[in-house]
Amino acid sequence: MEKNLAKTYNPKDFEDRIYQSWEENKAFHAEVDRDKKPFTIVMPPPNITGQLHMGHALDQTLQDVLTRWKRMQGYSALWLPGTDHASIATEVKVVEKIRKEEGKSKEDLGREEFLKRAWDWKREFGGRINKQIRKLGSSCDWDRERFTMDEGCNKAVVEHFIRLYNKGLIYKGHRIINWCPVCGTSLSDAEVEHEDKNGKYWYFRYPAADGGEGIVVATSRPETMFGDVAIAVHPSDERYQDMVGKKVILPLVGREIPIIADSYPDPEKGTGAVKITPSHDPNDFEVGQRHNLEQLSCINPDATMNELAGKYQGMDRYECRKAWVNDLEAAGYLVKIEEKVIPTGECYRCHNVIEPMISDQWFVAMEELAKPAIEVAKNGTLTHVPDRFEKIYLNWLEDIRDWCISRQLWWGHRIPAYYCDDCGEMVVAAEMPKTCPKCGGTHFHQDEDVLDTWFSSALWPFSTLGWPEKTEELDYFYPTDVLVTGYDIIFFWVVRMVFSGLEEMGESPFKYVYVHGLVRDAEGRKMSKSLGNGIDPLEIIDQYGADALRFMLLSGITAGNDMRFKMDKLESARNFANKLWNASRFTIMNLQDEEGNFRPMADAADGIETLALKDEDKWILSTINSAVAEITANLDKFELSLAAQKIYELIWNEFCDWYIELVKARLYGDDEEDKKVCRCVLVKALKDMLKLLHPFMPFITEEIWSFLPKEENAAQFLMKESWPVYSEALRFPEEEAKLNTAMDAIRAVRNIRAEVDAAPSRKLHAVILATGKEAGYMADGCHFLKNIANISEITFIDSKDQVPDEVMSAVMNNVEIYVPLDDLLDYKAELERLQKEKARLEGEVKRTAGKLSNESFVSKAPEKVVNAEREKLAKYEDMLAKIIERLPIVEAKVK
RNA sequence: GGGCGAUUAGCUCAGCUGGUUAGAGCGCUUGCUCGACAAGCAAGAGGUCGUUGGUUCGAGUCCAAUACCGCCCACCA
């Protein structure tokens with residue numbers, strides 16, 4: 001067994017091994033534990049249509065960060081995984097597969113055989129998706145994995161359906177719905193995408209039945225004219241008032257239809273007269289209802305014309321349109337054509353134009369269900385992050401129409417309605433009835449249709465916890481805490497979960513909805529199969545590791561906004577992992593002797609703050625301590641990206657760049673007791689940082705953790721360790737100030753060195769003039785200058801007179817540093833530097849003094865702010881004075 | 001037609017309730033193989049925060065208008 005980390009960071013060496021070890025030890029399993037508070041996230045179940053894309057990777061990462069963090073905080077954290085049967089999407093894929101491989105249609109196979117193939121598909125792709133989720137490091141509870149069509153979910157769906165039906169909230173209706181002629185099914189309003197297309201208005205004359213001029217109407221879909229049953233005009237439209245009640249003739253068809261008055265037509269649009277086709281237009285449907293008009297369908301489900309279209313029967317709707325318009329024109333009925341942008345509805349799956357049709361479908365009555373869902377958002381029980389999505393959520397609910405839930409498909413939850421073969425009586429029940437309540441018949445057949453896939457996903461937050469049974473899990477884990485999802489499925493899913501949860505459970509299914517954006521490609525385009533610009537998360541993981549991918553996805557994002565997938569960001573995340581890896585290697589190296597055994601450390605049983613800590617020890621502990629508070633606060637507010645940013649800075653800029661460099665001299669020195677303290681601080685610091693980083697980069701942190709010395713009561717895994725908490729005992733403001741002064745001095749010397757091109761290996765002398773409390777800071781901290789700025793000798797002086805002749809200088813707050821450089825002196829460079837500094841300080845003094853001379857600033861701004869401004873002014877004035885003093889000396893040297 | 005987001009360094013983006021000199025990554029310049037790390041170290045350059053007004057002692061941050069880009073919704077005569 002290796003005792004230290006490998007020389008280079010290679011995530012492939014350990015990511016799979018670690019995940020396996022977590023899983024074997026059931027580290028993700030969450031139990032009902034009444035001593036703990038529950039934290040619950042149900043995973044948005046990926047469709048079993050294919051494989052995970054970058055959007056899933058982001059979605060997963062966000063949820064995993066939250067879950068791991070809460071678990072470390074001591075919650076019984078359940079992240080419940082699963083997949084979605086995705087009725088229509090999967091059916092399309094399976095049909096395609098069968099067609100390709102066997103040359104058969106689903107009808108050739110028959111329902112039963114087709115479903116077998118679909119289940120085979122589910123096993124193959126469901127399994128693939130689960131592997132991908134594991135690769136990402138998701139800490140979900142696999143013991144509780146669910147599928148939207150498993151037995152329990154099916155039971156929940158049937159139960160829910162029956163309950164709503166019995167309450168009158170589900171009904172079967174002969175109504176106008178969105179029909180996709182290609183998918184061969186009805187669709188809900190949410191499944192129709194709107195697109196503006198270039199089209200035309202054709203103006204046709206409908207001659208009056210009594211031989212008069214008749215009326216001209218515009219239409220963008222002339223092929224629906226065969227279904228016209230009336231012409232409507234607005235009752236106040238004076239142009240047509242005397243025509244209301246009269247009849248016109250449907251051109252070429254010869255059928256007489258009435259002119260009616262209705263509020264629907266807009267006198268400003270078209271000719272103000274509208275042809276009414278209740279079977280093929282939702283508005284016309286309603287006009288038809290109001291006026292008791294006949295419903296004449298002229299288009300078949302496959303978008304060909306039916307017998308009503310006469311000689312056009314059998315033609316495709318668009319072929320018919322062309323021929324029909326030609327014929328009307330030839331006959332002189334065409335008045336004019338107008339180019340127009342026509343808003344068109346398309347199927348969200350196949351992007352073919354939707355045809356509104358009348359048919360028998362099942363609906364959920366939305367009005368009553370929507371009310372409580374609106375209420376929970378308004379009263380704050382349900383919070384959207386960011387909150388602007390609440391408006392979108394509310395707008396949709398407030399405008400909602402009844403939800404068409406039946407689909408003419410095979411793959412899905414079959415509608416639990418049965419019809420008596422003898423009398424046709426319908427019974428809604430969990431199982432096929434034995435006898436008909438009406439005629440006593442004993443033969444039934446089940447409704448052929450299946451349910452909208454979203455009908456089952458709407459129940460996901462409670463069906464997965466055992467509903468309709470009253471399980472312990474349901475009682476404990478429901479309602480869930482946060483739902484993480486993309487903004488693209490708010491309507492499909494979030495809204496429906498809320499009203500369904502409220503209906504069945506009486507409580508909103510979650511307290512927060514965290515909405516994230518899309519992952520786009522480097523050019524900002526949506527990743528899509530047709531563009532071929534998708535990036536496979538698995539390939540990225542293979543190359544850079546899951547931790548780098550996760551960290552990259554989280555860096556620099558804000559809730560609800562899209563992000564771009566940039567390779568340089570990914571590399572940066574990987575480099576960060578490598579940095580941590582090496583810093584950890586350094587730490588472990590210094591903990592161990594040549595044999596790899598841990599050397600003795602100071603006993604920190606009474607708290608690390610009780611040890612003989614040096615200033616830099618207190619500084620790093622204090623810095624980490626503040627970061628703990630900040631990062632926790634960020635996570636509390638769902639600011640995951642800011643939290644990630646802070647832990648990055650803490651590890652790289654504070655720990656690696658400064659602390660490690662500051663303590664090297666001690667570690668390589670010979671004060672054994674001090675070394676023990678130093679090791680102790682190193683381990684403590686590293687461990688705390690690993691814990692803070694763990695939710696973001698679970699693999700590397702767990703791997704490093706396994707190499708560190710553990711306390712007796714340590715958890716088996718880092719992932720089971722407790723989240724660090726802020727401690728007042730670890731707050732060292734004095735040491736922070738001291739170290740900041742030392743660091744400024746180091747930077748100043750390095751700057752001079754760079755300015756004159758002095759090799760880093762060249763040892764320099766420094767003369768320091770320090771006053772105020774900085775005098776003490778520099779006295780205590782000057783050894784750092786020696787160690788990491790390569791200063792071999794330091795002379796403290798207490799007056800300007802003692803400044804040597806040939807020097808470069810740096811002025812800081814209460815500290816002046818002079819570096820004698822005899823052969824290398826570059827006064828010209830220093831003069832430039834001083835002049836630049838002078839200009840900067842003059843600007844600062846002017847700005848600060850200006851502020852302070854403003855009467856209303858001094859009287860109105862908080863005292864704290866004013867005092868800070870005063871201190872600033874004093875500091876800048878002092879520094880400026882010193883620069884001005886120094887300038888003529890340097891100027892003289894330049895000459 | 002309605003609504004929303006974005007506009008900050010060459011590029012991609014952070015910037016939470018208004019208060020030090022507006023930050024990061026990448027890129028760029030210069031110099032470094034000194035016992036964790038060249039996937040690195042050090043020192044730098046680079047921004048009048050889209051525009052115009054307003055509120056305020058104080059605005060990248062709040063308000064209004066405007067421009068450009070993008071997105072969502074809407075019953076398609």
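Just so it is clear: chains get the letters A, B, ... in the order the sequence lines come, proteins before strands, and each one is counted from 1. Keep in mind it's a predicted model, so treat the numbers as computed, not measured. FYI, side chains are in, hydrogens and waters are out, and symmetry mates aren't considered; it's all heavy atoms of this structure.
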**Q.** side chain to side chain donor-acceptor pair (under 3.5 Å) partners for Q645(A), two or more places apart
**A.** E649(A)

I need the [atom1]-[atom2] distance between [X] and [N], as an integer number of Å.
X: R753(A); N: U30(B); atom1: CZ; atom2: C1'; answer: 15 Å
X: N653(A); N: G40(B); atom1: CG; atom2: P; answer: 13 Å
X: M357(A); N: C76(B); atom1: CE; atom2: P; answer: 19 Å
X: N4(A); N: A36(B); atom1: CG; atom2: P; answer: 12 Å
X: L662(A); N: C34(B); atom1: CG; atom2: P; answer: 21 Å
X: F655(A); N: A36(B); atom1: CZ; atom2: C1'; answer: 10 Å
X: K664(A); N: G35(B); atom1: NZ; atom2: C1'; answer: 8 Å

(Q) One character per nucleotide, please: for nucleotides 55-65 of chain B, 5' to 3', B when the base has a protein heavy atom closer than 4.0 Å, S when only the sugar-phosphate does, - otherwise. (A) --B--------

(Q) Whether K637(A) contacts U17(B) is assessed here as follows: a side-chain N or O lying under 4.0 Å from the phosphate OP1 or OP2. Is that the case? (A) no

Q | Parallel, tilted or perpendicular: rings of F576(A) and W652(A) (30°, 60°) | A | parallel

Q. Hey, what's the ring geometry for F551(A) with Y648(A), parallel, tilted or perpendicular (30° and 60° as the breaks)?
A. parallel

Q) Stacking check: are the rings of Y668(A) and G35(B) less than 5.5 Å apart at their centres and under 30 degrees in tilt? A) yes

Q: Identify whether NZ of Lys or CZ of Arg in K664(A) sits under 6.0 Å from the centre of the six-membered ring of F586(A) and within 45° of that ring's axis.
A: yes

